[in-house]
Amino acid sequence: MDADVIVVGTRVGGAATAMLLARAGLRVLAVDRTRFPSDTLSTHQVQLPGGALLRRWGLLDTLIAQGTPAARMVTFDAGPAVLRGAYPHVGGVDAVYSPRRTRLDTLLVDAARTAGATVEEGFVVEGLTGAGGRVTGIRGTPKGGTPRTFTAPLVIGADGKHSTVARAAGAREYRSRRTTSAGCYTYFAGLPVTGGEIYSRPGMMVTLWPTDDGLTIVFLAVPLARFAGLRTDLTGNYLAAVASVGDLGERLATAHRAGPVRATADLPNVFRRPYGPGWALVGDAGLVMDPITGQGIGHALRDAESLSAAIVAGLGGRRPLDAALAAHHRDRDTARRPMYDLTTRLARFRPDRAGPTLFPAIAADPALVTRFLGVLTGAEPADAFFAPAVLRRIVGTRGLLRMVAGRPAPATSG
Ligand SMILES: Cc1cc2nc3c(=O)[nH]c(=O)nc-3n(C[C@H](O)[C@H](O)[C@H](O)COP(=O)(O)OP(=O)(O)OC[C@H]3O[C@@H](n4cnc5c(N)ncnc54)[C@H](O)[C@@H]3O)c2cc1C
């Protein structure tokens with residue numbers, strides 16, 4: 001055997017898993033077809049539970065020292081009301097950080113190497129090897145080299161939403177939802193933000209987050225049906241859409257675009273069974289959802305921690321590996337499902353019947369705003385916050401009936 005565990009893909013999910021397994025004393029070989037630092041098509045919010053893990057692993061302070069700014073306050077402009085508030089504290093973290101992926105992913109790859117993992121960059125995995133119904137290793141080719149195989153008792157697919165490992169292992173898919181949105185983003189200099197800004201409007205969502213090098217990343221999400229029209233003049237249509245919300249028109253007039261507009265409609269929503277004989281999946285390979293709620297990085301980091309704990313328990317003999325992975329699977333699905341359902345609902349851009357009643361009520365109470373931001377950041381389960389009993393306490397019985405009926409809130413005088 002070449003290693004105890006092979007990890008395919010070394011961005012947030014794979015590098016974090018490789019680091020944690022190596023820190024636990026396992027022999028880890030991690031491969032990625034790309035070479036780091038490497039960018040990827042993604043915006044950068046690391047939600048608070050993910051930031052808390054980076055802190056626990058000793059990596060958040062490095063990001064902060066490298067200049068990644070904190071977004072402690074968020075303005076959520078829902079149209080009928082503007083919520084402004086602070087995040088709750090989660091594991092010693094009270095802000096969303098938005099590091100460029102060139103920085104975050106490289107930091108994690110370096111941390112995996114420092115922990116003792118062997119990381120092979122520029123290695124393309126083409127398939128799996130197997131015997132007797134078990135996965136036994138990977139086969140692939142280093143860029144410019146000759147084909148090779150590596151063997152290990154466990155192969156982890158951290159190779160993203162179109163995972164080669166998941167396909168080759170035959171991972172079962174479930175709870176899939178069709179793609180309903182498209183997203184595009186770019187960076188601006190001279191567009192200062194004091195925190196995060198989220199604008200929800202009929203048929204679009206715009207978010208602003210401070211990122212590295214004094215830049216602000218501006219993301220626009222639209223219904224999939226609008227994507228073809230948007231792409232006829234991507235930059236022009238993107239700028240016009242973003243400038244149409246809040247005071248962004250004026251602010252963008254004095255800002256300077258610092259990169260091309262990048263766009264994608266390759267936004268699947270699917271759960272995959274994350275383990276089987278000789279294989280496991282982590283991050284997007286095992287569960288991917290629309291980026292409209294910016295959960296994927298934090299999910300991949302949480303998944304890395306839960307999966308690696310199960311593997312350490314299983315390979316270390318504290319618990320049968322299969323039972324440990326089954327528990328990890330259950331926990332992942334229980335923890336992620338409320339956010340997955342909320343995300344796929346938001347990505348459908350249906351008219352918001354509850355917002356006109358709910359958001360003004362939340363906006364009036366700073367503690368509720370913080371709790372709501374806790375839901376958006378994935379720290380509080382969405383289904384707990386949106387339970388009828390909780391909503392009744394927030395908007396009253398009449399308000400709840402109005403929300404259900406989709407009637408507007410009565411106008412307030414003064
Ligand atoms: C437009 C957009 C915006 C987003 N914004 C956010 C956001 O603000 N916040 C957030 O939390 N999430 C966001 N996401 C989601 C986030 O990007 C992903 O959830 C996250 O990158 C998943 O990490 P991962 O490590 O699982 O997989 P990936 O980041 O996809 O990494 C997979 C790695 O596997 C490697 N690989 C793939 N196939 C092979 C192979 N055959 N051989 C070798 N290597 C291979 C790839 O080179 C890659 O490095 C966004 C996504 C999109 C599309």
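Below, all heavy atoms of this structure are taken into account, side chains as well, without hydrogens, waters or symmetry copies. Whatever order the structure lists them in is the order used to number ligands and atoms, beginning at 1.
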* **Residue from R33, R11, R113 passing salt bridge (Lys or Arg N to Asp or Glu O under 4.0 Å) with E121** => R113
* To do: Using distance alone, decide if ligand 1 has a nitrogen or oxygen within less than 3.5 Å of any nitrogen or oxygen in T264.
  => no
* Would you mind running through ligand 1 and noting each atom that sits below 4.0 Å from a heavy atom of Q295? => 10 (C), 11 (O)
* Is D341 salt-bridged to R345, cutoff N-O under 4.0 Å? -> no
* Nearest-option assignment for atom 53 (C) of ligand 1, heavy atoms, candidates T40, L301, L41 -> L41
* **Any N or O of V124 closer than 3.5 Å to N or O of ligand 1** => no
* **Sub-3.5 Å N/O-N/O distance, V31 and ligand 1** => no
* Which ligand 1 atoms, with their elements, are less than 4.0 angstrom from a heavy-atom of F123? -> 42 (N), 43 (C)
* Residue and atom name of the nearest protein heavy atom (relative to atom 51 (C) of ligand 1), distance in Å to one decimal -> P291 CB, 3.7 Å
* To do: May I ask you to check whether Y87 and F372 place their ring centers less than 6.0 Å from one another?
  => no
* Structure fact -> re atom 11 (O) of ligand 1, the protein heavy-atom contact at minimum distance is I297 N, 2.6 Å
* Asked: Going by distance only, is there an N or O of T10 that falls short of 3.5 Å from an N or O of ligand 1?
  -> no
* Structure fact -> The closest protein heavy-atom partner of atom 23 (O) of ligand 1 is V12 CG2, 3.1 Å
* To do: Using a strict cut-off of 4.0 Å, indicate which atoms of ligand 1 neighbour a heavy atom of L267.
  => 53 (C)
* **Contact check, side chains of L220 and V222, non-hydrogen atoms, under 4.5 Å** => yes
* Asked: Which one holds for S163 and ligand 1: side chain close, backbone close, both close, or neither close, with close meaning a heavy atom under 4.0 Å?
  -> neither
* Numbering the atoms of ligand 1 from 1, which are under 4.0 Å from a heavy atom of T164? -> 41 (N)
* N/O of Y185 under 3.5 Å from N/O of ligand 1, yes or no? -> no
* Name the closest protein heavy atom to atom 9 (N) of ligand 1, giving the residue it belongs to and the distance to 0.1 Å. => Q45 O, 2.9 Å
* Would you indicate which of A285, S42, A30 comes nearest to atom 17 (O) of ligand 1 when only heavy atoms are counted? => S42
* Structure fact -> dist D290:CG -> T344:OG1 (nearest 0.5 Å) comes out at 8.5 Å
* **NZ or CZ of R226 within 45° of F349 ring axis and under 6.0 Å** => no
* Structure fact -> Atoms of ligand 1 under 4.0 Å from any heavy atom of G294, numbered from 1 in the order shown, are 7 (C), 9 (N), 10 (C), 11 (O)
* Structure fact -> protein heavy-atom neighbour closest to atom 26 (O) of ligand 1 works out as D284 N, 2.9 Å
* Asked: Short list, please: which atoms of ligand 1 are under 4.0 Å from a heavy atom of G283?
  -> 26 (O)
* **Salt bridge R262-D39, side-chain N to carboxylate O under 4.0 Å** => yes
* Pair R175 + D333, salt bridge at N-O below 4.0 Å -> no
* To do: Just say parallel, tilted or perpendicular for the rings of Y340 and F271, cut-offs at 30° and 60°.
  => perpendicular
* Nearest-0.5 Å distance that lies between atom CG in N237 and atom CG in L239 -> 9.0 Å
* Structure fact -> On a heavy-atom basis, the closest approach of L376 and M339 is O-CE, 3.8 Å
* Identify, for atom 3 (C) of ligand 1, the protein heavy atom at the shortest distance, and state residue, atom and that distance. => T43 N, 3.2 Å
* What residue and atom, counting heavy atoms only, is the protein's closest point to atom 42 (N) of ligand 1, and at what distance? -> V125 N, 2.9 Å
* Taking atom 27 (O) of ligand 1 as the reference point, the nearest protein heavy atom with its distance -> G160 CA, 3.7 Å
* **Geometric cation-pi criterion R273 and Y275, 6.0 Å radius, 45° cone** => yes
* Go through ligand 1 atom by atom and flag the ones less than 4.0 Å from a non-hydrogen atom of A158. => 32 (C), 33 (C), 34 (O)
* Asked: Counting from 1, what ligand 1 atoms have a heavy atom of G9 closer than 4.0 Å?
  -> 33 (C), 34 (O), 35 (C)
* Asked: Does some non-hydrogen atom of G183 fall short of 4.0 Å from ligand 1?
  -> no
* Test: D365 and R371 ion pair at under 4.0 Å -> no
* Heavy-atom closest contact (T179 atom, L224 atom, distance) -> O-CD2, 3.4 Å
* Asked: Using the benzene-type ring in the case of Trp, are the ring centres of Y187 and H256 under 6.0 Å apart?
  -> no
* Structure fact -> Among D159, D303, T34, D32, the residue with a heavy atom nearest to atom 48 (C) of ligand 1 is D32
* Do F359 and F76 have ring centroids that are under 6.0 Å from one another? -> yes
* Asked: For atom 20 (C) of ligand 1, which candidate among R101, R167, R262, H299 provides the closest heavy atom?
  -> R101
